[in-house]
Enquirer: 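My questions will all concern the structure given below.
Protein chains get the first letters and strands the later ones, always in sequence-line order, with residue 1 at the start of each. Computed from a prediction, not measured in an experiment: that's the story for all the values here.
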Amino acid sequence: MLDIALIRSRTDWVKAQIAKLGDEATLARIDRIVELDAERRQTRTECESAQAARNKLNRAMGKLRGSKTMSPAEKAARANAAASAIAKPDYEYATVLLDGSKAAFEGAGDDEADLQPAFQALIAALKRMGDTIDAGYARAKDIEAALQEEMLWLPNLPHETVPVFFSEDDNIPDVPVGEFREFDFEPKPHWELGPALGIIDFERGVKLSGSRYYVLSGWGARLQRALISFFLDCARANGYEELYLPYIVHGQMLYGSAQFPKFQDTVYPVADGDKYLLPTSEVAIANLHRDEILTEAQLPLRYVAHTPCFRSEKASAGRDVRGIKRVHQFEKVEMFQFTTPEASYDALEAMTRGAESLCAALDIPYRRLEIVSGDLGFSASKKYDIEMWSPGCGEWLEVSSCSNTEAFQARRAGLRYYPRGSRKTRFLHTLNGSGLATPRTLIAILENNQQADGNVLIPEALRPYLGGAEAIYPK
RNA sequence: GGAGAGGUGGCCGAGUGGUUUAAGGCGAUGGUCUUGAAAACCAUUGUACGGUUUCGCCGUACCGCAGGUUCGAAUCCUGUCCUCUCCGCCA
């Protein structure tokens, strides 16, 4: 979520930033937000000053009622006079009448028998006043709900260093790293290699669960497990604390990490109340410190977790249907950081380098892409993708995406900290990056390391995780 | 799954409808004292939103969450979420 105060005070600047995303519909949303915000503040101010008067009167009435020094006759007189003052309305005068700060009071109704009717008149006057105020608050609540809804649909603003282009085709690749292998035979795609080696079973995956599901067996399953262990160990060596997380979370968490409301149809609900399967561990980690106030001394917090990821892929029906590039269930090791605003961009660079080093360690050619404004997605201020080359499919495969969301998620999830020596809270910055995703990494290994005789060499870095095995052989 | 108890500030914990501050304690921070530290003593110490004459001040809301009753709710009622205890089941 964006800072409403920023939208209010620098509306044109915010619009200029949104325009970089190439999203026309959102600009109109900003106008609507500015309107609602003004309306909200005005309504609130009115309600609150009326409520302040009401609170004073109620307390003063309690004081009058409980007074041990005042005669019943005087109480009745004061109550009657206050009731008419409220009707006028003159709340200030009514208050001083009731709380006794108007010392000597002469008025009609000196009879003790008038006490009950007098209080009834007073209560009736207060009730009329209260009804008006409650109606005002109800209006304020509607306005606030409408404003909140608009705010939840607003994407993050791009960082000033993000290149302004509107198409993903304009993403800017770095020079690829690693050696592109010269094949003396036609490299096969993984959807041929996998079944030939007996390690990917498409038919049985579909039998069990439908299209875009698959089974890894034997070396396929082991290789994936080795990759996960290797990635986790690397992250741990880089100072990330490993987490084991729930795979099912409350809907609120998806609002916190900004999948909801915009991408609601990409996640799988489970039949247990308002709960959902993780589309990425980012959702769980981003909300780990939800509604907490951390101290600067605790920062940065670095976490890494492996979880399955479940995505319905409705929006990309028909795309990448071959193989296991785009599936409903995959495994991912996710790095995540909570930092101060000052530290977040250095942390993004370091996190991205960490992800790149995994590709290098596996000896797979890769490149880093600087993502342009139009392809940033909903929540990133700045993003790098990392792609591995897969010679069988003949394309670059995205295996990691590293983002700084600045305070966008923090504002939604209530992630705050006290800066050193300060009593005011600030929002944290959050960063996330895959390190890495599989089975895409598995695809790259199979396609890059395939041999003419059908064997696939296991990257040296993974061999310690596989009992020292050097290659996978066809069954 | 069954039965019961509970949810109050960073933490513990008091608070059965008002008479203007959620008592008290712990911790933390600052100060006094001290060669230094500890102890003791004094002071300060929640969050969000809004207003404002902006190093501050004022107001409103918040006692798990959402409703309701009432002139007035931490307090009464309903729903809901969560935690704990016992029983049952279970990798």
Enquirer: When the P atoms of B/C65 and B/G51 are considered, how many whole Å apart are they?
Expert: 25 Å

Enquirer: Given the P atoms of B/U75 and B/G15, what is the spacing between them in whole Å?
Expert: 15 Å

Enquirer: Between the side chains of A/Gln42 and A/Glu46, does any donor sit under 3.5 Å from an acceptor?
Expert: yes

Enquirer: Closest to the A/Met61 side chain: B/G18, B/G67, B/A61?
Expert: B/G18

Enquirer: Identify the heavy atoms of A/Phe231 and A/Leu436 that sit nearest to each other, and give their distance.
Expert: CD1-N, 3.4 Å

Enquirer: For B/G1, give its Watson-Crick or G-U wobble partner with both distances under 3.5 Å, or none.
Expert: B/C87

Enquirer: Can you check the distance between B/U19 and B/U29, where both ends of the measurement are the C1' atom (answer in whole Å)?
Expert: 36 Å

Enquirer: Hey, is the main chain of A/Glu282 close enough, under 3.5 Å, to the side chain of A/Asn432 for a donor-acceptor pair?
Expert: no

Enquirer: Using whole Å, report how far CD of A/Glu292 lies from C1' of B/G9.
Expert: 15 Å

Enquirer: Please determine, for B/G6, whether a Watson-Crick or G-U wobble partner exists with both distances under 3.5 Å, and give it or none.
Expert: B/C82

Enquirer: Using the C1' atom as the point on both nucleotides, what is the distance between B/A5 and B/U60, in whole Å?
Expert: 35 Å

Enquirer: With 3.5 Å as the limit, what N/O pairs link the protein to nucleotides 49-53 of chain B?
Expert:
{"unit_1": "B/C49", "atom_1": "O3'", "unit_2": "A/Arg40", "atom_2": "NH2", "d": "3.0"}
{"unit_1": "B/C49", "atom_1": "O2'", "unit_2": "A/Arg40", "atom_2": "NH2", "d": "3.2"}
{"unit_1": "B/G50", "atom_1": "OP1", "unit_2": "A/Arg8", "atom_2": "NH2", "d": "2.8"}
{"unit_1": "B/G50", "atom_1": "O2'", "unit_2": "A/Thr45", "atom_2": "OG1", "d": "3.1"}
{"unit_1": "B/G51", "atom_1": "OP1", "unit_2": "A/Arg41", "atom_2": "NH1", "d": "3.1"}

Enquirer: Quick one: A/Leu98 CG to B/G72 C1', roughly how many Å, whole number?
Expert: 13 Å

Enquirer: When the distance from CZ of A/Arg54 to C1' of B/U60 is rounded to whole Å, what number comes out?
Expert: 12 Å

Enquirer: What's the gap between B/C11 and B/A22 when it is taken at their C1' atoms, as a whole Å value?
Expert: 16 Å

Enquirer: In Å, rounded to the nearest 0.5 Å, how long is the span from CZ of A/Arg411 to CD1 of A/Ile4?
Expert: 10.5 Å

Enquirer: If we check side-chain hydrogen bond (donor to acceptor under 3.5 Å, both in side chains) with A/Thr438, which of these qualifies: A/Arg225, A/Gln224, A/His306, A/Lys332?
Expert: A/Gln224

Enquirer: Measure CD/A/Gln252 against C1'/B/A66 and give the value in whole Å, please.
Expert: 13 Å

Enquirer: Take the protein atom CD1 of A/Ile293 and the nucleotide atom P of B/A28, then report the distance between them rounded to whole Å.
Expert: 19 Å

Enquirer: Rounded to whole angstroms, how far apart are CG on A/Asp131 and C1' on B/U70?
Expert: 12 Å

Enquirer: Using a strict cut-off of less than 4.0 Å between a Lys/Arg side-chain nitrogen and an Asp/Glu carboxylate oxygen, indicate whether A/Arg236 and A/Glu241 qualify as a salt bridge.
Expert: no

Enquirer: Atom CZ of A/Phe119 and atom P of B/U19: how far apart are they, to the nearest Å?
Expert: 15 Å

Enquirer: Taking the same atom, P, in B/U80 and in B/G1, what whole-Å distance lies between them?
Expert: 14 Å

Enquirer: At what distance, to the nearest 0.5 angstrom, does CG of A/Leu278 lie from CZ of A/Arg311?
Expert: 10.5 Å

Enquirer: Counting side-chain heavy atoms from CB outward, which of B/A48, B/C71, B/C82 is closest to A/Lys275?
Expert: B/C82

Enquirer: Has A/Tyr418 got a side-chain N or O lying under 4.0 Å from the OP1 or OP2 atom of B/U47?
Expert: yes

Enquirer: Pick the nucleotide of RNA chain B nearest each of A/Ala52 and A/Leu57; which residue has the one closer to the 5' end?
Expert: A/Leu57

Enquirer: CD of A/Gln51 versus C1' of B/U60: gap in Å, rounded?
Expert: 7 Å

Enquirer: For B/A37, which nucleotide is its Watson-Crick or G-U wobble mate, given both distances must be under 3.5 Å?
Expert: none

Enquirer: Can you sort out the partners of A/Pro300 under side-chain contact (heavy atoms from CB on, under 4.5 Å), two or more places apart, ordered by chain and number?
Expert: A/Arg302, A/Gln337, A/Thr339

Enquirer: Are the charged groups of A/Arg326 and A/Glu313 less than 4.0 angstrom apart, N to O?
Expert: yes

Enquirer: Provide the Watson-Crick or G-U wobble partner of B/G17, both distances under 3.5 Å; none if there is no partner.
Expert: none

Enquirer: Would you mind pulling out the nucleotide paired to B/A22, Watson-Crick or G-U wobble, both distances under 3.5 Å?
Expert: none

Enquirer: Now, which nucleotide makes the Watson-Crick or G-U wobble pair with B/G50, with each of the two distances under 3.5 Å?
Expert: B/C58

Enquirer: Which nucleotide, in any strand shown, forms a Watson-Crick or G-U wobble pair with B/U70, with both distances under 3.5 Å?
Expert: none

Enquirer: Counting distance only, does the side-chain N/O of A/Thr266 pair as donor-acceptor with the main-chain N or O of A/Phe263 below 3.5 Å?
Expert: yes

Enquirer: Say you pick atom C1' in B/A74 and the same atom in B/G64; how far apart are they, in whole Å?
Expert: 12 Å

Enquirer: For B/U20 and B/G6, measure between their P atoms and round to the nearest Å.
Expert: 31 Å

Enquirer: Would you say A/Lys127 places a side-chain N or O within less than 4.0 Å of OP1 or OP2 belonging to B/U69?
Expert: no

Enquirer: On RNA chain B, does the nearest nucleotide to A/His250 precede the nearest nucleotide to A/Gly130 from the 5' side, or the other way round? Give the residue.
Expert: A/Gly130

Enquirer: Does B/A61 have OP1 or OP2 under 4.0 Å away from a side-chain N or O of A/Asn55?
Expert: yes

Enquirer: Both distances below 3.5 Å, Watson-Crick or wobble geometry, any strand: find the nucleotide opposite B/U44.
Expert: B/A28

